[in-house]
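Below, chain A is the first sequence line, B the second, and so on; all start at residue 1. The structure displayed is predicted, hence computed values, not measured ones.
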Protein chains: 2
Amino acid sequence: MADDQVDDQVVVIVVGAGISGLSAAKLLKESGLKVLVLEARDRVGGRTYTVKDNNHGPVDVGGAYVGPTQNRVFRLAKEFGLQFYDVSEKEKTVLNVQGTWAKYIGTIPPFWNPIKLLDLNHVIRTIDRMAKEVPCDAPWKAKKADEWDSMTVKQFIDSIVWTRTVKELMRIFIASVMCVEIHEVSLLFALWYINSGGGITRLSSITNGTQEKKFYGGSQQLSEKMAAKLGPIVLLSKPVIRIEQDEDTVRVIDNQGSVYKCRYVISAVPQALLNKIQFEPPLPCQKLQLIQRIPMGSIIKTIMFYREPFWKKLDLCGSAVSDTGIVSYCIDDTKPDGSHPAIMGFILADKAREVIHMTKEERRQAVCEHYRNVFKSTKFLQPVGYVEHNWMSEEYSGGCYVSTMPPGAMTRYGRYLRDPFGMIRFAGTESATYRAGYMEGAIESGERAAREILFEIGKVSKHQIYQDEPESPDYPASSLETSMIEWLLPSVTRLIQFTMGVVLGLLGNEILGWLTGWRRGRFN
Amino acid sequence: MADDQVDDQVVVIVVGAGISGLSAAKLLKESGLKVLVLEARDRVGGRTYTVKDNNHGPVDVGGAYVGPTQNRVFRLAKEFGLQFYDVSEKEKTVLNVQGTWAKYIGTIPPFWNPIKLLDLNHVIRTIDRMAKEVPCDAPWKAKKADEWDSMTVKQFIDSIVWTRTVKELMRIFIASVMCVEIHEVSLLFALWYINSGGGITRLSSITNGTQEKKFYGGSQQLSEKMAAKLGPIVLLSKPVIRIEQDEDTVRVIDNQGSVYKCRYVISAVPQALLNKIQFEPPLPCQKLQLIQRIPMGSIIKTIMFYREPFWKKLDLCGSAVSDTGIVSYCIDDTKPDGSHPAIMGFILADKAREVIHMTKEERRQAVCEHYRNVFKSTKFLQPVGYVEHNWMSEEYSGGCYVSTMPPGAMTRYGRYLRDPFGMIRFAGTESATYRAGYMEGAIESGERAAREILFEIGKVSKHQIYQDEPESPDYPASSLETSMIEWLLPSVTRLIQFTMGVVLGLLGNEILGWLTGWRRGRFN
C-alpha cells in the first residue's frame with residue numbers, strides 16, 4: 001500500500017462528508033486543528049441530495065424539511081446566507097383513511113365520529129406523555145425501559161386504540177417519521193425518537209412543525225457551503241475500507257490503498273454500515289452486535305411535476321395522508337416563486353419494498369393514479385416530469401432517513417452508539433441526543449463528536465462536550481402545549497367506563513326502586 | 001493491486017471455509033471443477049471450533065451437537081471416518097424455574113401443578129402445529145405469514161400461556177436454540193426455524209434429539225477433513241474485501257490486494273456480515289436492506305472442568321435448565337472415555353450481554369456458583385479448568401449460532417437470502433431450507449449453492465439443485481409423534497371453559513330448581 005497521502009500534521013480525519021461529518025470538521029478546523037475529510041461518494045451531503053435538473057430547478061430528493069426547534073440548522077444556514085421558504089398549506093389537506101375521505105385545515109383530522117377524535121386525542125396524549133419519560137441522552141434509563149423495549153409499537157397501539165382509523169393513522173405516522181412499519185420498531189425506540197423530535201404534533205406538522213420550511217435552492221447546499229469553507233481538505237470518492245489504531249496513531253486506508261495518518265478519527269458514516277470498514281483492532285463485541293440491530297428505513301422519495309398548481313384552485317394545498325395507494329404522505333413541492341409546480345410524495349416502508357421491482361415508469365404511473373384518487377382530479381394523470389430517489393439502493397446510505405431499532409436493541413446496545421473506540425469517536429444523526437434522524441441531529445452529533453476530541457486535547461472541558469443550542473431569533477418555535485380541552489377529553493375506554501357507570505347507576509336506581517316497590521308490596 | 005494470484009482455470013471461488021463453504025467446494029471439486037476457497041481466519045471451521053488444549057483434550061467451543069435427522073452430517077462424518085458418542089443423560093436433569101426445583105428423567109419436566117403441565121403441553125403442541133404450516137423453503141408463503149411476522153414470539157407466548165413457569169421455559173427454549181430473547185424475534189421466523197429443525201421436542205432433546213451426539217475429537221474435524229481432502233486450494237488468512245463482476249469474469253480481492261479471477265463465486269460468509277465485502281456492482285437494494293435485518297445471536301459458551309464427575313454420584317447427569325444464574329442450559333461434557341469431567345454451559349442472549357464486561361475469571365466464578373446453586377453441591381466451586389468462547393467478539397462471525405429476524409424481516413426480505421446476484425450464489429446455514437442454524441443446514445446450503453452453479457454450467461438439471469438426504473442407516477431417527485394423551489389433554493383455557501361450563505350447568509340446574517320451586521309456590 002502506498003504511503004503517498006501521509007501527512008503528520010493532520011490531527012483528525014472525519015470519515016463521511018454528510019452534514020454530521022462536515023459539521024464536525026468545521027468545528028475542529030475553527031478550533032485550529034488540521035482536519036481531513038474522506039467521503040466515499042463523489043458528492044457531499046450524505047442523505048441530503050439536491051438534484052440540479054434544468055427542467056425542474058433544484059430538487060431535494062433526500063432530507064429537505066426544517067422547522068422550528070432545529071436551531072443548529074438555522075444557525076449554520078444563517079452563517080452561509082442560506083434562506084428558507086414556507087411549505088404551502090394555506091388550502092386544505094386531504095385525509096383518506098379507512099374509507100373516510102375529508103378535506104380539512106390544520107393538524108387534527110375532521111372525524112364526524114367523536115369516538116375517533118377521542119381515540120386519536122388519547123393515543124397522541126398517551127404516547128407524548130410516555131415519550132417524555134424517556135431520557136433523550138439515555139433512553140435505556142427510562143423507568144419502564146425494559147418493558148417498553150420488549151414490545152413493538154404495533155403491540156402497544158393495538159392495546160390502547162379502539163378504532164381502525166386511528167390505528168391506521170398511527171401506522172402512517174410511524175412510517176412517515178421512521179420509514180418502517182409499526183411492528184418493526186421497539187416501543188422504547190419510538191418513544192425516544194418522538195421525544196428527541198419534540199412530540200407527535202411537532203413531528204407531524206407543517207406549520208410550526210418539522211415540515212414547515214425548505215431551503216431556497218435545496219438542502220444539500222448546507223453541506224456544499226461547509227465543504228467549500230473547509231476547502232481542499234474534503235476529498236471525494238475516497239471510500240475508507242480500513243482503520244488501524246495503535247497507541248498514538250490512527251491509519252485510515254481508502255479503497256485505492258492510500259494511507260492517511262492522524263491522531264483521532266470521527267466516524268460519520270451510518271453505523272448500520274460500519275462493517276464496510278475493517279477495524280484493526282476489531283470493533284468491540286458490543287459494537288459488532290449493535291451494528292447488526294439498527295436497520296435503516298425503507299423509502300423512495302418522489303416528486304411529480306405539473307404545468308400548473310391546479311390543486312390550489314380545488315382548495316387543496318397538496319398535502320394528503322392516505323392508507324391506500326402508493327404514497328402515504330405527500331406535500332406541495334412547488335418552488336417558492338410559483339415555478340415548477342409539483343407534489344412531493346413519500347413511498348414508505350412496506351409500500352417501498354413492494355414497488356422496488358417496478359420500473360420507474362410504472363412507479364410514476366402508480367403515483368399519478370394515487371394523486372388522481374386521493375385528490376379526486378384526473379388532471380393529476382398529466383404530469384410534465386417525474387423525479388424519484390430510491391434510498392434503499394444507495395450503497396453508502398443503506399436506506400433512509402435513519403437507523404431504527406427492533407425490540408431489545410435499545411436497552412441492550414443503545415449505549416454503544418456513542419461509545420468511543422480507542423481514538424475513534426462516532427457521529428451521525430442516529431447517534432444524536434436531540435432530533436436524531438434529522439439534519440439537526442446530524443449537526444448536534446457532529447459537533448458533539450468534535451468536542452469529544454477537543455476535550456481529549458484539552459481545548460474544552462468535559463461539561464462542554466454536550467451543548468444546548470439557543471433558540472434561533474429568526475425562527476422561534478411556538479408552544480405546542482396541550483390545550484385544556486385536549487387534556488380533559490376522555491379516552492374511549494374512560495368514556496365507555498363513564499357511560500357504563502351512568503347506565504349502571506340509572507339501572508341500579510331503577511332496580512332499587514323496583515325492589516323497594518316490590519318490598520313495599522307492589523307485586524302483592 | 002498485484003495480479004499475482006490470477007489463475008484462469010479456477011471456475012468457482014468459495015468465500016468462507018466453514019462447513020458450508022467447504023461442503024460446496026468439495027462437491028464442486030468432485031464434479032470436476034477447479035475451485036479455490038478463501039478463508040478470512042487462520043483456521044477452517046467457521047462457527048465450529050475445537051480448541052486443542054493439552055489439559056482438557058479437544059474442546060468444542062462452537063457448534064458441537066448432532067442428532068438424528070442430521071443425515072448430511074452423518075454422511076460426511078462417515079466418509080471421513082469420524083465417530084460420534086452419546087451425550088450423557090442416564091441420570092437426572094435439574095429444572096430450576098420460577099422457584100420450582102426438581103430432578104427428573106426425560107424431556108417433560110415434573111410439575112406437581114397439573115395446570116403447568118397442561119399449559120406446557122398446550123404451548124408445545126400449538127407452536128409445533130403452527131410451525132408445520134410454515135414452508136421451510138418459503139416461510140413468507142405461509143397462510144398467516146403476514147400476521148405471524150408482525151408479532152414477536154413473546155407477544156404470542158403471552159397470549160396463549162397462563163403460567164409464568166411455562167413462559168420462562170419458552171423463553172429459555174428460544175434463547176437456547178437462537179441465542180436471543182423471546183421479544184427479539186418474529187413469531188414467523190421462530191416457527192420457520194422450529195419447523196426446519198423438526199419441532200420443539202427434537203430441538204430441545206438430548207436422546208433422539210439435537211443434542212444427542214458429539215464428535216469424538218471435536219466437530220471442527222469435519223471441516224479439517226474436508227479442507228485436507230481439498231488440499232492446497234484452501235487458502236487461510238485471506239479476508240475477501242471486494243468482489244467485482246463483469247459479463248464473464250468475477251474478480252475476488254483479498255485484504256492484501258491479491259486478485260483471484262473466476263467464473264462464479266459462492267459466498268459462504270454469515271450474511272449479516274456481507275457489508276465486509278465491497279461488491280461492484282453493489283448488492284441489489286433488497287439484499288442491502290436484508291443484511292441489516294438479520295442479527296447474529298448472543299452467546300458465550302463455557303466449559304468447566306472438574307477432577308471427578310461427582311454429579312453422577314448425586315444421580316445428576318449434568319443437565320440443568322434454569323431461569324436464574326448465568327447459565328440457562330448446561331450439559332455434561334465429560335469425554336466418552338470418562339476423562340476430563342466437565343459441564344458445558346451456555347450463557348445466552350441478555351445474560352451474555354450482561355456479562356461481557358466481566359473478566360474471564362469473574363465469569364468462571366459466576367458459572368461455578370451457578371452450578372453450586374442449581375445442582376446443590378459445593379463441590380462445583382472447585383473446578384480444575386475453565387474454557388470459554390465469546391462468539392460475539394468474533395470479527396468473522398458477529399455472534400452465534402445464526403442470524404435471527406425481528407418482526408417484518410422474513411416476509412419482506414427472507415426471499416433474498418438465497419437470491420443469486422449475477423455470478424454469485426449464497427450459502428451459509430442461515431440460507432438453508434433444512435435445519436438452518438445447524439451443521440446440517442450448513443452442508444445443505446453449501447451443497448445447494450454448489451448445485452446452483454453445476455446447473456448453470458449444465459452439469460445437473462434444475463430439479464436436482466435442492467435434494468433431500470436419505471436417512472442415515474447408522475443413526476436413524478425415532479418418531480416424535482405426539483402421544484394420544486398429549487393430543488387429548490386440554491389447554492388451560494379449555495379446562496377453565498369446561499370447568500366453568502360444568503359449574504354453570506350445575507348452578508343453572510340449581511337456579512332452575514329454585515325458580516321452579518318458587519313458581520311452584522315454595523316461597524308463598
Most chain B-contacting option - heavy-atom pairs closer than 4.5 Å, from [options]:
options                : answer
A:M151, A:E354, A:E395 : A:E395
A:L274, A:D350, A:L273 : A:D350
A:Q289, A:K287, A:K276 : A:Q289

Where on [X] is there a heavy atom nearer than 4.5 Å to chain B: the side chain, the backbone, both, or neither?
X      : value
A:S298 : both
A:T152 : side chain
A:I241 : side chain
A:V185 : neither

Inset, instruction - State, without any angle test, whether A:E394 and A:H389 hold a side-chain donor-acceptor pair at a distance under 3.5 Å. - result: yes

Inset, instruction - Report yes or no: does A:K238 contribute a side-chain atom to a donor-acceptor pair with the main-chain N or O of A:L38 at less than 3.5 Å? - result: no

Inset, instruction - Name the option with the most non-hydrogen atom pairs under 4.5 Å to chain A; the candidates are B:G398, B:P406, B:G399, B:A272. - result: B:G398

Inset, instruction - Flag yes if more than 12 heavy atoms outside A:K141 fall under 6.0 Å of its NZ atom; otherwise flag no. - result: no

Residue [X] versus chain A: region with a heavy atom under 4.5 Å:
X      : value
B:E181 : neither
B:Y413 : side chain
B:D149 : backbone

